[in-house]
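Predicted, not measured: the structure shown is a model, and the values here were computed from it. The figures that follow rest on heavy atoms only: side chains count, while hydrogens, waters and symmetry mates do not. In what follows, chains carry the letters A, B, and so on, assigned in the order in which the sequence lines appear, proteins first and then strands, with residues in each chain numbered from 1.
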There are 2 protein chains.
Amino acid sequence: MDNDRDAACERFRTLGHPATRGRGEILRILAESPLPLSPREIRERIPNPKPDASTVYRNLTLMVSIGLVRSVALHERSRRYEAATDGAHRHRVVCRTCGRIESFQPKRCDLSRIENDIRGALGFDVTDHSLEFFGACAACGGKKVKR
Amino acid sequence: MDNDRDAACERFRTLGHPATRGRGEILRILAESPLPLSPREIRERIPNPKPDASTVYRNLTLMVSIGLVRSVALHERSRRYEAATDGAHRHRVVCRTCGRIESFQPKRCDLSRIENDIRGALGFDVTDHSLEFFGACAACGGKKVKR
DNA sequence: TTGCAAATGCAATATATTTGCAATCATGGA
DNA sequence: TCCATGATTGCAAATATATTGCATTTGCAA
């Protein structure tokens with residue numbers, strides 16, 4: 001939807017950053033993807049003319065810093081990114097055999113107790129966390145671990 | 001300690017893999033480090049003559065596959081690795097401002113309920129998880145977020 | 001001690017990410 | 001609407017990280 005992209009552009013302006021087509025596309029693509037995407041995957045999905053790869057990287061960095069996007073670390077060579085929709089707190093489930101990534105929304109995710117422990121023990125102010133699960137997906141059953 | 005390295009070599013032989021000095025050193029270094037290390041850091045700590053970087057990578061891959069080592073994903077450019085000591089279940093706490101990594105052992109880490117939910121919802125057999133916390137360390141206080 | 005499979009070093013290659021800089025664009029004000 | 005200006009972009013080059021092929025060397029069981 002173009003509306004998604006327009007809304008995305010609006011968010012940029014509000015935050016004091018010029019809205020460009022590339023930025024709108026990136027945000028739209030992330031908003032529409034159920035799974036976190038790598039910079040390469042994001043760029044591939046942008047219709048021509050595609051922005052340069054460096055532009056994609058620069059914008060992802062910016063978007064993370066202003067809170068529009070989050071990065072997800074999944075033990076891969078490349079980082080992945082997802083839209084920072086506040087509502088849906090989701091976790092990733094990664095198959096060690098085939099690499100498939102699924103998304104899971106827990107009934108409740110209460111790590112605040114642990115976060116408080118950390119604050120107490122290390123004086124560390126926790127702002128967010130990252131929780132991923134690994135194993136074998138339904139299709140791969142109990143097959144051998146790949147790595 | 002050399003004993004650490006010898007013990008490490010023993011573990012390789014038991015698992016049917018020739019024990020080499022490089023392998024022993026890598027495992028020793030990981031066992032002695034309180035924090036997960038990058039391949040580069042590991043190699044830097046091996047006394048001369050150092051194995052080639054490619055050897056370090058190959059061995060880390062092997063060690064992960066036979067369960068001697070785990071990889072840790074911390075939103076960085078490079079992966080990190082830690083010894084897979086079964087007993088101590090630890091989590092990482094990363095400062096977004098200065099990049100400092102600390103280690104934290106929770107009083108209890110009960111994610112088995114969530115793991116069961118995942119098994120039920122996705123037919124996904126969860127074998128392990130990865131949980132990292134991000135925020136501002138004591139030294140950095142409430143300073144600006146870096147990325 | 002010897003033979004062989006496995007591991008290593010080295011060099012080349014692939015992939016991911018970052019940076020400098022000139023050209024171009026987006027936005028607010030005239 | 002047009003313009004000035006600072007921010008963004010494309011491009012090319014530089015870095016960082018990781019992987020691979022192959023000839024040589026090594027670990028280890030017999």
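The phosphate of dT17(D) (OP1 or OP2) has no side-chain N or O of R79(B) nearer than 4.0 angstrom. One finds a side-chain N or O of R23(A) lying less than 4.0 angstrom from the OP1 or OP2 phosphate oxygen of dT8(D). For the OP1/OP2 pair of dG27(D) and a distance below 4.0 Å, the side-chain nitrogens and oxygens of R13(B) include no atom meeting the criterion. Between dA16(C) and S78(A), no contact under 4.0 Å exists linking OP1 or OP2 to a side-chain N or O. For dT19(D), neither phosphate oxygen OP1 nor OP2 lies less than 4.0 angstrom from any side-chain nitrogen or oxygen of Y57(B).
Comparing S54(B) and G16(A) by the nucleotide of DNA chain D whose heavy atom lies nearest to each, the residue mapping closer to the 5' end is G16(A).
Separation of atoms CG (L15(B)) and CZ (R13(B)) is listed at 12.0 Å; rounding is to 0.5 Å. Taking CG of D128(B) as the start and CZ of R96(A) as the end, the distance is 4.5 Å to the nearest 0.5 Å.
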task = Output, in order, the C-alpha distance, side-chain angles, deciding distance and verdict of side chain to side chain contact (heavy atoms under 4.5 Å, CB included) for R11(B) and L68(B).
result = CA-CA 9 Å; R11(B) 301 175 72 184; L68(B) 291 181; 3.4 Å; yes
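Nearest to the side-chain atoms of P51(A) among the listed nucleotides dT17(D), dG10(D), dT19(D) stands dG10(D). When the nucleotides dT19(D), dT18(C), dT17(C) are ranked by their closest atom to the side chain of P39(A), dT17(C) comes out on top. Checking dT19(D), dT27(C), dC10(C) against the side-chain heavy atoms of D52(B) singles out dC10(C) as nearest. Side-chain atoms of P18(A) lie closest to dT8(D) of the nucleotides dT8(D), dA7(C), dT8(C).
Summarising the geometry, the separation between NE2 on H75(A) and P on dT17(D) is reported as 18 Å, rounded to the nearest angstrom. Between the CD atom of E10(A) and the P atom of dT27(C) there is a distance of 9 Å, given to the nearest Å. Between I46(A) atom CD1 and dG10(D) atom C1' there is a gap of 14 Å when expressed in whole angstrom units. Computed from coordinates, the E44(A) CD to dT15(C) P distance equals 12 Å when rounded to whole Å. If you measure from atom CD1 of I66(A) to atom C1' of dT8(D), you get 14 Å, rounded to the nearest angstrom. Summarising the geometry, the separation between NE2 on H17(B) and P on dA29(D) is reported as 13 Å, rounded to the nearest angstrom.
Within the nucleic acid shown, A19(B) comes within 4.0 Å of sugar-phosphate atoms alone, with no base atom in reach, counting heavy atoms only. Residue T20(B) is classed as a sugar-phosphate contact, given heavy-atom separations below 4.0 Å to backbone atoms only. Within the 4.0 angstrom heavy-atom criterion, no nucleotide atom of any strand lies near S38(B).
In this pair, H129(B) and H91(B) present their aromatic rings parallel. The plane angle is below 30°, not in the 30 to 60° band.
L62(B) and I46(B) fall within a single hydrophobic cluster, where Ile, Leu, Val, Met, Phe, Trp and Tyr side chains are chained together by heavy-atom contacts under 4.5 Å.
Side chain R58(B) to base dG9(C): a donor-acceptor pair is found below 3.5 Å.
Residues R28(B) and P47(B) come closest through the heavy atom pair NH2-CD, 4.0 Å.
Searching all strands for a Watson-Crick or G-U wobble partner of dT1(C) with both distances below 3.5 Å returns dA30(D). Using Watson-Crick or G-U wobble geometry with both donor-acceptor distances under 3.5 Å, dG20(C) finds its partner in dC11(D).
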